[in-house]
There are 2 protein chains.
Amino acid sequence: MYRLTNSFPYLLNRVGVQMGELFSRRIAGYGVTLPMYRVMAALWETGDQRLGDLAAMTTIEISTLSRLVGEMKRRGLVTRARLKDNGRTVAINLTPKGRTLVEELIPIAIRFEEVAVRDFPSKNISDLKTILAEIYESLKALEPEIEEANKARKAAKSKG
Amino acid sequence: MYRLTNSFPYLLNRVGVQMGELFSRRIAGYGVTLPMYRVMAALWETGDQRLGDLAAMTTIEISTLSRLVGEMKRRGLVTRARLKDNGRTVAINLTPKGRTLVEELIPIAIRFEEVAVRDFPSKNISDLKTILAEIYESLKALEPEIEEANKARKAAKSKG
DNA sequence: GAACAATAGTTGCATTCGCAAATATCGGTC
DNA sequence: GACCGATATTTGCGAATGCAACTATTGTTC
């Protein structure tokens, strides 16, 4: 018998939401939100990104990210500038202020992760990370059948 | 060197967001959103729930859930009624219509999960689920240090 | 049994979000 | 080099979200 509470997406989402909520509260005093942290940490790892790449890296929808980056620029955390040689793309980077801040926050993130996984041997955790990364790739296989199912439904609708 | 993209919350969130987005698109034709599905699947597993319990089970914030349940009631998917013996709590249940619908959707959820995990031996997946469930519990350990850090910060602020 | 605290849920309000449309630039074609 | 499709980002707008304040009911204390 199927149980939601034993399903993979449920267990995953629950941990994700909860970690996000706790981390948000932890960093609120620094004046940044969780999405802002994600953007800064992504830029800290890989600087000079285009908006679309940053969206893919952070899994933040692109229009949401556009506004978020605007706000972060206003606060002096990042820079955003059109490229000279290609005016339709922008390059986003950390400012020194943004860099200093994210380097304060990363140890907190490390601490959180450490508490989350400390009951398990590190081998299990690194396996788990590998699995998560591969599952992410596997999900691409679902795309076509989503299209197909929706197409079928639409066709049935217009006929009936 | 720390990398966001190798951190546990990042890998987790990415899979969670992506699965949610794909599943949303898959079920959109049935006229329900992902949060609605979560509520229905939770009620299918454990019926007759109070709002607060349902919020805990689904990790949906309680005021959001209150409105969501209202909308679902309006659509005839669930019932919501104050208890006779305790007027401050409500009991939420699936209607026959809601039950029929969720029983159509659950096989789709099963299918998605199957695709997600099919590259791994089921032992690994069940281990992974166990770990996710235990990590969720471990996170409670972070609560006190969040309070403490924020208290410390507030004290420093009022002094300086 | 009146007063007050605690529990459960709902609603006001400002913010965030995401889709779709609009804008801006680039690359190719004639 | 004007036109058209493709690519990259931004913006308009309605819906969803979450905190805090509010309402309603129950439990407790004197």
Side-chain angles (χ1 to χ4, degrees), chain A residues 13 16-18 20-29 31-39 48-75 78-93 146-147 150, chain B residues 13 16-29 31-39 48-75 78-93 146 150:
Chain A
N13 176 68
V17 169
Q18 189 65 10
E21 210 241 315
L22 293 171
F23 191 69
S24 285
R25 280 166 47 200
R26 180 65 183 80
I27 67 176
V32 283
T33 63
L34 176 57
M36 286 179 186
Y37 167 74
R38 288 205 184 108
V39 167
D48 203 37
Q49 293 210 61
R50 309 178 348 166
L51 190 70
D53 296 336
L54 202 51
M57 187 168 177
T58 57
T59 333
I60 296 173
E61 200 276 336
I62 196 163
S63 69
T64 301
L65 184 60
S66 177
R67 275 180 266 251
L68 178 60
V69 167
E71 174 61 22
M72 291 173 74
K73 180 179 177 177
R74 213 180 58 71
R75 297 195 192 181
V78 300
T79 59
R80 171 174 58 182
R82 298 267 170 188
L83 299 186
K84 291 195 194 81
D85 60 331
N86 184 345
R88 65 188 161 179
T89 67
V90 299
I92 300 161
N93 277 291
I146 292 169
E147 299 305 322
N150 289 341
Chain B
N13 177 67
V17 169
Q18 188 67 9
M19 281 197 91
E21 211 241 314
L22 293 172
F23 192 69
S24 286
R25 281 167 47 201
R26 180 65 182 81
I27 67 175
V32 283
T33 63
L34 176 57
M36 286 178 186
Y37 167 74
R38 287 207 184 107
V39 167
D48 203 39
Q49 293 210 59
R50 311 181 344 168
L51 189 70
D53 296 337
L54 202 50
M57 187 168 178
T58 57
T59 333
I60 297 174
E61 200 275 337
I62 195 163
S63 69
T64 302
L65 184 62
S66 176
R67 274 181 269 252
L68 178 60
V69 167
E71 174 61 20
M72 291 174 74
K73 180 180 176 177
R74 214 182 56 71
R75 296 195 193 182
V78 300
T79 59
R80 171 175 56 183
R82 297 268 170 187
L83 299 186
K84 291 194 194 86
D85 60 330
N86 184 345
R88 68 190 159 180
T89 67
V90 299
I92 300 161
N93 276 291
I146 293 169
N150 289 341

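When reading the values below, keep in mind they use all heavy atoms of this one structure, side chains included, and skip hydrogens, waters and symmetry mates. Letters go in sequence order (proteins before strands), and every chain restarts at 1.
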Quick check: do [X] and [Y] have side-chain heavy atoms less than 4.5 Å from each other?
| X | Y | answer |
| --- | --- | --- |
| A:Ile92 | A:Met72 | no |
| A:Val69 | A:Val90 | no |
| A:Glu147 | B:Arg25 | yes |
| B:Asn13 | A:Arg38 | yes |

### Message
Using OP1 and OP2 only, check whether a side-chain N or O of A:Thr64 sits under 4.0 Å from C:dG18.
### Response
yes

Quickly work out the [X] [atom1] to [N] [atom2] distance and round it to whole Å.
| X | N | atom1 | atom2 | answer |
| --- | --- | --- | --- | --- |
| B:Leu68 | C:dT10 | CG | C1' | 14 Å |
| B:Leu54 | C:dT10 | CG | C1' | 15 Å |
| A:Glu21 | D:dG18 | CD | P | 9 Å |
| B:Asp53 | C:dG9 | CG | P | 8 Å |
| B:Lys84 | D:dT25 | NZ | P | 16 Å |
| A:Met36 | C:dC17 | CE | C1' | 14 Å |
| A:Glu61 | D:dG14 | CD | C1' | 15 Å |
| A:Leu34 | D:dG18 | CG | P | 12 Å |

#### Entry: Ion pair A:Glu71/A:Arg67, N-O distance below 4.0 Å
no

## Note on the structure
Nearest heavy-atom contact between B:Ala91 and B:Asp48 is CB-OD1, 3.4 Å

Give a yes or no on whether a donor-acceptor pair under 3.5 Å exists between the nucleobase atoms of [N], that is its base, and the side chain of [X].
| X | N | value |
| --- | --- | --- |
| B:Ser63 | D:dC19 | yes |
| B:Arg25 | C:dG18 | no |
| B:Arg67 | D:dG18 | yes |

### Query
What one-letter contact string describes nucleotides 2-8 of chain C from 5' to 3', where B marks a base within less than 4.0 Å of any protein heavy atom, S marks contact via sugar-phosphate atoms alone, and - marks no contact?
----BBS

### Message
Quick check for you: among C:dC13, C:dC19, C:dC17, whose closest atom lies nearest to any side-chain atom of A:Pro35?
### Response
C:dC17

### Message
Mind checking if B:Arg80 touches a base, just sugar-phosphate, or nothing, with heavy atoms under 4.0 Å?
### Response
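Here B:Arg80 touches the backbone only, sparing every base.
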
### Task
Give a yes or no answer on whether the side chain of B:Arg26 reaches the backbone of A:Ile146 with a donor-acceptor pair at less than 3.5 Å.
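It does not hold such a pair.
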
